[in-house]
Amino acid sequence: MTERAPLSRKLTAIAESATLKVDAKAKSLQAAGRPVISYAAGEPDFPTPQFIVDAAAEALRDPANFRYTPAAGLPVLREAIAAKTLRDSGLEVAPSQVIVTNGGKQAVYQAFQAVVNPGDEVLLPAPYWTTYPEAIALADGIPVEVFAGADQEYKVTVEQLEAARTDKTTVLVFVSPSNPTGAVYTAEETKAIGEWALEHGIWVITDEIYQNLVYEGARAVSIVEAVPALAEQTILVNGVAKTYAMTGWRVGWMVGPTVAIKAAGNLQSHLSSNVNNIAQRAALAALTGPQDEAEKMRQAFDHRRGLIVSELAKIPGVTVPNPLGAFYVYPDVTGLLGREWDGVRLDTSLELADFILERAEVAVVPGEAFGPSGYLRLSYALGEDQLLEGVQRLQRLFG
């Protein structure tokens, strides 16, 4: 019998999403009756606003939505996305420069596929979202981590980027507000990085999915607003998932120069064709309808943010930079490591996260999922009572 050919080396090298893995484990324990509190998933606990649901229900009555539509998205939704891009990112684009995707994650994947060639180096500021290095690898690129710790509020500098640049550097990933840290670059910091990328002819992929979730008067200035000339070498990634509590609707988009969007559009025409039309109609309602519910959710996140930051800071050995965006807190827990807790020595944040789940029944994501060890990511997109109870368990465990 002839030996079977091996599986794809590229796919077998890709790791499972660490955040989804921790969340799945927490839900499994909850289903088994364990009182686990999970800070793992980056998912609002609010229902999708009713007017958006109503728009989807209305769309179900139109048979036109049961047929194929343009692979790049409904024209009316692409127009609305172009309007949002001008409003929130300061960039005027034609609807033809927009592709509607199955969630922001597909937009991230296609963005790298559009501008990365085999062997290209992609500068990846760390801590980073767990999907970025895998998406870079799927495009045959090489992720080059550029780390900024809590002492820098998790924000890299031009000097760090320049030190990491080589003649193989072709792309920079820029994310503000950040997942996993919640860090928001100032307008000045954003402009400096954008001017550096422009000077060296480096493509920028900027993930702006949290741009409307900012606090304390902060504003997430888009890199193309800070440096307008950079628009011809920048792809913007966004979606409705976080701002409108629509994670399960799976509607995202990518915006960019015509040459890159054309390439990505050709890929999507073979990869997935059009996004579910009912979900697209719901996304249209989200972008063009009243923003009151989205603002209420933002205010609730802001309150929870203050609560979790102040409570985590009460734990000796934990340093908590103040996150100004998204709905994550990313404490530095190196002060808890290299020690024994209840007879168990913990040297990494991976071991720490396992210990916390076992002893406190609290699920957190270890820093190894996002870069170096020594950190934990906690999402505060969960009910206030559970949020407080979970942190109090940590206070008792490490008090």
### Query
Which ILVMFWY residues are connected to Val221, directly or by a chain of links, through side-chain heavy atoms under 4.5 Å apart?
none
Show me, pair by pair, the donor-acceptor contacts under 3.5 angstrom made by side chains of residues 227-235, not counting sequence neighbours?
residue, atom, partner, partner atom, Å
Gln233, NE2, Ala197, O, 3.2
Gln233, NE2, Ile202, O, 2.9
Thr234, OG1, Leu230, O, 2.8

For residues 381-390, please give each side-chain donor-acceptor pair under 3.5 Å, one per line with the distance, not counting sequence neighbours.
residue, atom, partner, partner atom, Å
Glu384, OE1, His303, NE2, 3.4
Glu389, OE2, Arg393, NE, 3.0

### Task
Verify whether one side chain among Tyr244 and Gln291 offers a donor that lies under 3.5 Å from an acceptor in the other.
yes
### Donor-acceptor pair between Gln106 and Ser272 side chains, under 3.5 angstrom
yes
### Query
Can you find a side-chain donor-acceptor pair between Asn322 and Arg305 that sits under 3.5 Å?
yes
For residues 145-152, which side-chain N or O atoms pair as donor and acceptor with protein atoms under 3.5 Å away, sequence neighbours left out?
residue, atom, partner, partner atom, Å
Glu145, OE2, Tyr128, OH, 3.1
Gln152, NE2, Lys155, O, 3.0
Gln152, NE2, Gln160, OE1, 3.0

### Query
Who else is in Leu60's hydrophobic cluster (ILVMFWY, side-chain heavy atoms under 4.5 Å, direct or via others)?
Ile278
### Query
With Tyr132, which residues qualify under ring pair (Phe, Tyr, Trp, His ring centres under 6.0 Å), at least two apart?
Trp129
#### Entry: Lys191/Glu225 ion pair, N-O < 4.0 Å
no
### Side chains of Leu352 and Val333 in contact at under 4.5 Å (non-hydrogen atoms)
yes
#### Entry: Transitive ILVMFWY side-chain link Leu236 to Tyr185, under 4.5 Å
yes
### Query
In the hydrophobic clustering that connects Ile, Leu, Val, Met, Phe, Trp and Tyr at side-chain heavy-atom distances below 4.5 Å, which members other than Val259 occupy its cluster, ordered by chain and number?
none
### Message
Is it the case that the side chains of Thr48 and Trp249 hold a donor-acceptor pair, with the cut-off being a distance below 3.5 Å and no angle test?
### Response
yes
### Query
Is there a donor in the side chain of Glu134 and an acceptor in the side chain of Thr131, or the other way round, less than 3.5 Å apart?
no
### Message
Phe355: which residues meet the ring pair (Phe, Tyr, Trp, His ring centres under 6.0 Å) condition with it, sequence neighbours left out?
### Response
none
### Message
List the residues meeting side-chain contact (heavy atoms from CB on, under 4.5 Å) with Ala192, not counting sequence neighbours, and say none if there are none.
### Response
Val158
### Message
List the residues meeting ring pair (Phe, Tyr, Trp, His ring centres under 6.0 Å) with Phe301, not counting sequence neighbours, and say none if there are none.
### Response
Phe46, Phe327
#### Entry: Val184: hydrophobic cluster co-members (side-chain, 4.5 Å)
Val214, Leu324
### Query
Does a donor on one side chain and an acceptor on the other come within less than 3.5 Å for Asp88 and Asn212?
yes
#### Entry: Results of salt bridge (Lys or Arg N to Asp or Glu O under 4.0 Å) for Arg345 - residues two or more places apart only
Asp347
### Query
Would a hydrophobic clustering, with Ile, Leu, Val, Met, Phe, Trp and Tyr connected at side-chain separations under 4.5 Å, put Ile356 with Val36?
no
#### Entry: Salt bridge flag under 4.0 Å for residues Arg281 and Asp54
no
### Between Thr170 and Glu121, a side-chain donor and acceptor under 3.5 Å
no
### Message
Between Gln211 and Ser89, is there a side-chain donor-acceptor contact under 3.5 Å, judged purely by atom types and distance?
### Response
yes
### Message
With rounding to the nearest 0.5 angstrom, report the CG to OG1 distance, Leu172 to Thr206.
### Response
8.5 Å
